[in-house]
Participant: 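Okay, here's the structure, questions in a sec.
Keep in mind the model is a prediction, meaning the values are calculated, not measured.
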Amino acid sequence: MAEAQARQRGGYTEDVSAERLAEIGLRFEVDGEIATITLDRPEKRNAQTFATWSALARIGEDLPEQVRVVVVKGEGPSFSAGIDLRMFTPEGVPGQGSFSSAAKSDGAGFEQRIRQAQAGFLWLRRPEIVSIAAVQGHAIGAGFQLALACDLRIVADNVRFCMKEPALGLVPDLTGTKPLVELVGLAKAIDICLTARTVHADEAMRIGLAERVVAGGDLDKAVQDKIAELLSTNRDAAVATKRLLQGAQARTLEEQSVAEGLEQAARIKALFG
C-alpha cells in the first residue's frame with residue numbers, strides 16, 4: 001500500500017524499489033504523512049556503504065509530497081556502526097569499490113562522489129519536513145552523522161555516539177560537523193571528534209545531542225508521541241517557522257525581524273485574504 005501511494009506521487013521509483021533497497025540494506029515505508037527509513041543490516045550493525053548514501057539521496061529526491069515527518073531508525077540493537085569496514089580493504093564492497101579505488105580517481109571525480117554521498121544526508125533538513133532519528137546502541141561515524149542530519153534525536157538509554165573518523169585518519173564528511181558544533185559548541189565538538197570518544201545517553205542529553213532519552217523498549221512509543229505532537233500543528237505554519245529557525249543564526253536581529261514579518265504576512269494572507 002505504501003509503495004503504491006508513493007508511486008502515485010512520483011516517488012519510490014524503480015531505482016529505489018523495495019527489492020533494490022533490500023539488497024542495499026534499507027527499508028522505506030510511507031504511511032500518510034509519515035515516512036520511515038530503516039537501516040536494515042542488523043548482522044552488520046547497519047553499516048553504511050556508497051550504495052546506502054545513494055539510495056538515501058534518491059529517497060529524498062522522490063519523497064511523496066504529503067510527507068511531513070521522516071523517521072530514521074536502525075533494525076536490531078544498533079542504529080548504525082558507521083562505514084562498512086570492507087570499504088577499507090583493497091577489494092572493497094562488491095560493485096561499489098573501496099576507498100583505495102576512490103583514491104585513484106581524479107580530484108574532481110572524488111569530490112563529486114563525496115557530494116553525492118552528502119546528498120543522502122542534506123535533504124533531511126528541508127523545511128517542509130521534520131526528521132527524527134530514533135537512535136539505539138551504536139551510532140558511530142557515518143551513523144552519528146546520520147543522526148546529526150535529522151532535526152531531532154530521540155535516543156535509547158544504551159546509545160553510544162562516537163565520531164570515529166579522526167581515529168581512522170579521516171574527517172567527518174557526511175555533513176555532521178556543522179550541526180555538531182551548533183548543538184554542543186566548538187570546544188565540546190573538538191573534544192568529541194578529536195578524541196573519538198564515546199558519548200553515552202546521559203551526556204548526550206546534557207549537552208544537547210538528544211531531545212529525549214528513554215528506555216530501549218520505549219523508543220518506538222516516544223517517537224510516535226513526538227510525531228503526534230508535530231502533526232498537531234498547521235503544516236504551512238510549521239514549514240514557515242522551520243525556515244525562520246534555520247536562518248536565524250546567520251541573520252542579525254534586525255534581519256530576523258524582517259524575515260519574521262515577511263513570513264507572517266504570507267500566513268495572514270493565506271488564512272484571511
Participant: Can you give me the closest heavy-atom contact between C193 and P166, atom names plus distance?
Facilitator: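 Taking C193 first and P166 second, the nearest heavy atoms are O-CG, 3.3 Å.
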Participant: Treating E203 as the side-chain partner and L209 as the backbone partner, does any N or O pair qualify as donor plus acceptor under 3.5 Å?
Facilitator: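 Side chain of E203 to backbone of L209, a donor-acceptor pair under 3.5 Å: no, none is there.
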Participant: Around E43, counting heavy atoms of other residues, nucleotides and ligands shown, do more than 12 lie under 6.0 Å from its CD?
Facilitator: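 Correct, the count exceeds 12.
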Participant: With distance as the sole criterion, is a donor-acceptor pair present between the side chains of Q116 and W53 under 3.5 Å?
Facilitator: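 Per modelled atom types, Q116 and W53 side chains form no pair under 3.5 Å.
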Participant: Within a strict 4.5 Å, meaning less than it, do heavy atoms of the Q256 and L244 side chains meet?
Facilitator: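 They are in side-chain contact.
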Participant: Quick one, W123 with E61, criterion side chain to side chain donor-acceptor pair (under 3.5 Å). Give me CA distance, side-chain angles, the key distance, then yes/no.
Facilitator: CA-CA 8 Å; W123 70 269; E61 291 172 2; over 6 Å; no
Participant: Same cluster for L168 and I83 if Ile/Leu/Val/Met/Phe/Trp/Tyr side chains link at under 4.5 Å?
Facilitator: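 Yes, L168 and I83 fall within the same hydrophobic cluster.
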Participant: Would you list the pairs meeting salt bridge (Lys or Arg N to Asp or Glu O under 4.0 Å) in which at least one residue belongs to residues 226-252, sequence neighbours left out?
Facilitator: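 Every pair satisfying salt bridge (Lys or Arg N to Asp or Glu O under 4.0 Å) with a residue in residues 226-252: D151-K242, K226-E229, R243-E263.
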Participant: Nearest 0.5 Å please: distance from the CD atom of Q136 over to the OG atom of S78.
Facilitator: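 Reported value, rounded in 0.5 Å steps: 7.0 Å.
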Participant: So, taking the atom named CE in M87 and the one named CG in D84, what distance separates them when rounded to the nearest 0.5 Å?
Facilitator: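 It comes to 7.5 Å.
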Participant: Nearest 0.5 Å please: distance from the CD atom of E211 over to the CD1 atom of I154.
Facilitator: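 E211 atom CD to I154 atom CD1 measures 7.5 Å (nearest 0.5 Å).
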Participant: What's the separation between atom CD in E75 and atom CG in L26, rounded to the nearest 0.5 Å?
Facilitator: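 If I round to the nearest 0.5 Å, the distance is 12.0 Å.
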Participant: Got a donor-acceptor contact below 3.5 angstrom from the N46 side chain to the R41 backbone?
Facilitator: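 Judged by distance alone, yes, a pair lies under 3.5 Å.
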Participant: Look at the side chain of S54 and the backbone N and O of A51, then say whether any donor-acceptor pair between them is shorter than 3.5 Å.
Facilitator: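 No; zero donor-acceptor contacts below 3.5 Å.
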Participant: Do any N or O atoms from the side chain of Q118 and from the backbone of D173 form a donor-acceptor pair under 3.5 angstrom?
Facilitator: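 Yes; at least one donor-acceptor contact below 3.5 Å.
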